Amino acid sequence: MSRLFYALSILVLSFALLSSQPRQAVEVKLMSFNIRHGLNIEEESNLRDILRIIKENDPDLVALQAVDSLMDKGKVQHQLRQIAAQTGMYYSYAVADTSENGTQGIGILSNWPFEKTQVINLPRTPGSDPKVLQCGLIRLSRSVTFRFCNSRLEYASVMDRALQAAYINQMLVNSVQPVLLGMDMGARPTEQPYFSFRKKWQDAAHGSQMQTWNEGLPGDRLDYIFALLNNRVRIKNYKVIRNYPEVSDHYPIQATIEFW
């Protein structure tokens with residue numbers, strides 16, 4: 001009886017010690033990048049450079065905007081699938097619009113498989129281009145499950161951008177899981193679309209004046225990484241990747257996010 005009591009005491013003490021130790025933070029690197037429909041500013045394919053950027057910066061998650069899947073000489077050139085094959089990442093493509101040559105949209109890449117994915121059509125005014133919100137559910141560990149989302153808002157209409165930003169906030173703000181969002185908003189932090197994300201979201205580049213549009217001036221941030229406010233999520237650092245200014249008219253951005 002005394003041996004059994006001793007063994008149980010050791011077991012209880014071990015569990016107590018394990019539970020009393022602080023949980024180690026898990027770091028995730030997220031990149032967001034408008035790849036300009038797979039063409040650089042010279043109108044040549046930029047996929048090799050995009051692969052180089054991804055491999056050099058080694059993100060765990062990538063949100064790509066302005067991604068195409070087009071017919072060329074009788075063959076389908078699925079840009080996201082090509083990038084996924086070369087990086088070894090899981091991928092999900094969301095069609096925003098179709099044409100005679102194929103489709104264009106947005107895509108997400110992940111080092112972890114998606115448990116499920118979702119595509120939501122965004123509101124728009126008559127005559128404007130269709131836009132979507134894309135999300136993937138990722139189970140990082142037994143204790144960490146989160147939603148990784150991506151979108152590109154309408155660039156030609158301030159009204160549409162504001163409407164779409166408000167709708168995205170409405171769709172995600174009450175999420176049970178933490179939410180990470182990469183987005184080409186097409187708007188500066190001083191403009192109306194950004195205001196939807198001021199209260200309930202962490203802006204990875206909060207206070208930064210580094211432009212993300214390579215023809216812009218300081219303060220011209222059009223691309224964003226957000227994390228829904230959550231005491232289990234913290235944005236650790238942020239950078240604008242400026243090594244390859246000819247690859248697109250946007251610079252890729254990347255943030256390191258910690259889950260507790």
Side-chain angles (χ1 to χ4, degrees), residues 30-37 61-67 94-97 104-108 118-136 147-175 178-230 233 235 238-241 248-255 257:
L30 191 164
M31 177 185 290
S32 184
F33 189 16
N34 180 320
I35 67 169
R36 199 175 179 267
H37 303 284
L61 305 165
V62 184
L64 296 179
Q65 301 90 31
V67 184
V95 174
D97 202 1
Q104 67 88 17
I106 57 177
I108 50 179
Q118 183 181 23
V119 178
I120 300 170
N121 292 319
L122 298 181
R124 61 190 177 107
T125 56
S128 60
D129 294 333
K131 301 296 179 184
V132 297
L133 169 67
Q134 175 189 32
C135 291
R147 297 170 77 181
F148 171 38
C149 300
N150 181 23
S151 192
R152 180 192 182 206
L153 306 190
E154 172 58 54
Y155 71 91
S157 165
V158 174
M159 181 181 295
D160 276 17
R161 286 199 299 275
L163 188 66
Q164 291 163 1
Y167 190 77
I168 289 172
N169 175 63
Q170 181 184 349
M171 290 292 100
L172 299 178
V173 72
N174 295 316
S175 173
V179 180
L180 305 181
L181 172 63
M183 179 164 49
D184 172 8
M185 188 186 293
R188 300 167 181 82
T190 56
E191 297 175 329
Q192 180 64 41
Y194 181 86
F195 298 166
S196 293
F197 298 91
R198 289 195 303 188
K199 291 185 178 180
K200 299 293 185 178
W201 297 82
Q202 304 173 64
D203 178 356
H206 180 70
S208 172
Q209 290 298 306
M210 187 75 73
Q211 68 264 35
T212 67
W213 176 43
N214 63 13
E215 297 179 5
L217 300 172
D220 284 344
R221 282 205 292 132
L222 306 182
D223 304 89
Y224 298 86
I225 293 173
F226 291 109
L228 188 63
L229 285 175
N230 188 306
V233 180
I235 294 175
Y238 166 86
K239 66 178 179 180
V240 180
I241 301 165
S248 174
D249 51 356
H250 290 249
Y251 293 120
I253 59 175
Q254 184 164 294
I257 295 128

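On a predicted model such as this, the values are computed, not experimentally measured, just so you know. Basis for what follows: all heavy atoms, side chains included, without hydrogens, waters or symmetry-related copies.
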*Give the C-alpha distance, both sets of side-chain angles, the deciding distance and a yes or no for side chain to side chain contact (heavy atoms under 4.5 Å, CB included) between V179 and C149.*
CA-CA 7 Å; V179 180; C149 300; 4.1 Å; yes
*Could you check L228 against V173 for side chain to side chain contact (heavy atoms under 4.5 Å, CB included), going step by step and ending with a plain yes or no?*
CA-CA 7 Å; L228 188 63; V173 72; 4.2 Å; yes
_Pair I241-M31, side chain to side chain contact (heavy atoms under 4.5 Å, CB included): steps then yes or no_ = CA-CA 10 Å; I241 301 165; M31 177 185 290; 3.8 Å; yes
*asked:* For a side chain to side chain contact (heavy atoms under 4.5 Å, CB included) check, start with the C-alpha distance between L61 and L180, then their side-chain angles and the critical distance, and finish with the verdict.
replied: CA-CA 10 Å; L61 305 165; L180 305 181; 4.1 Å; yes
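When atom types are taken as modelled, the side chain of S175 and the backbone of P178 share no donor-acceptor pair closer than 3.5 angstrom. Checking side-chain atoms of R161 against main-chain N and O of Y155 turns up a donor-acceptor pair under 3.5 Å. Side chain of N150 to main chain of L64: a donor-acceptor pair is present (N/O by atom type, distance under 3.5 Å, no hydrogens or angles). Although no hydrogens or angles enter the test, the distance criterion places no donor-acceptor pair under 3.5 Å between the side chain of Y251 and the main chain of S248. Panel note: side chain Q164, backbone E154; a donor-acceptor pair is recorded below 3.5 Å. With T212 contributing its side chain and D223 its backbone, the two residues share a donor-acceptor pair below 3.5 Å.
With 3.5 Å as the limit, one finds a donor-acceptor pair spanning the side chains of D184 and N34. For the 3.5 Å distance criterion, the side chains of D203 and Y194 qualify, holding a donor opposite an acceptor. S196 and N169 form no side-chain donor-acceptor contact under 3.5 Å, judged by distance and modelled atom types alone. A donor atom on one side chain and an acceptor atom on the other are found under 3.5 Å apart for D160 and T125.
The minimum heavy-atom distance between G182 and A63, with the atom names listed, is CA-CB, 4.2 Å. Between I120 and Y167, the closest heavy-atom pair is CG2-CE2, 3.9 Å. Across every non-hydrogen atom of A66 and R152, the tightest pair is CB-NH1, 3.9 Å. The heavy-atom pair separating A96 from P130 by the smallest distance is O-CB, 3.1 Å. When all heavy atoms of P189 and G219 are compared, the closest pair comes out as CD-O, 4.0 Å. Nearest approach of A187 to E191, heavy atoms of both residues: CA-OE1, 3.2 Å.
With values rounded to the nearest 0.5 angstrom, L217 atom CG is found 11.0 Å from Q209 atom CD. Here R188 contributes atom CZ and R221 contributes atom CZ; the two are 12.0 Å apart, rounded to the nearest 0.5 Å. Going from atom OG of S32 over to atom CE of M185 covers 10.5 Å, rounded to the nearest 0.5 Å. F226 contributes atom CZ, which lies 9.5 Å from atom CD1 of I168 (distance to the nearest 0.5 angstrom). Rounding to the nearest 0.5 Å gives a distance of 13.0 Å between CH2 of W201 and CD1 of I225. Interatomic distance, CD of Q65 versus NE2 of H250, reported as 8.0 Å (0.5 Å rounding).
Proximity of I253 to Y238: side-chain heavy atoms (C-beta onward) are separated by under 4.5 Å at one or more points. Side-chain contact between V240 and Q211: absent, with no pair of heavy atoms (C-beta onward) separated by less than 4.5 Å. Using a 4.5 Å heavy-atom cutoff, the side chains of H37 and Q104 are in contact. Taking 4.5 Å as the limit, some side-chain heavy atom of I257 sits within range of a side-chain heavy atom of L30. The shortest side-chain heavy-atom distance between L172 and R147 falls under the 4.5 Å cut-off. In this structure, L181 and F148 have side chains that are not in contact, with every pair of non-hydrogen atoms separated by 4.5 Å or more.
With sequence neighbours excluded, no residue forms a side chain to side chain donor-acceptor pair (under 3.5 Å) with R124.
A side chain to side chain contact (heavy atoms under 4.5 Å, CB included) with M183 is found for one member of I106, L153, L222 and no other, namely L153.
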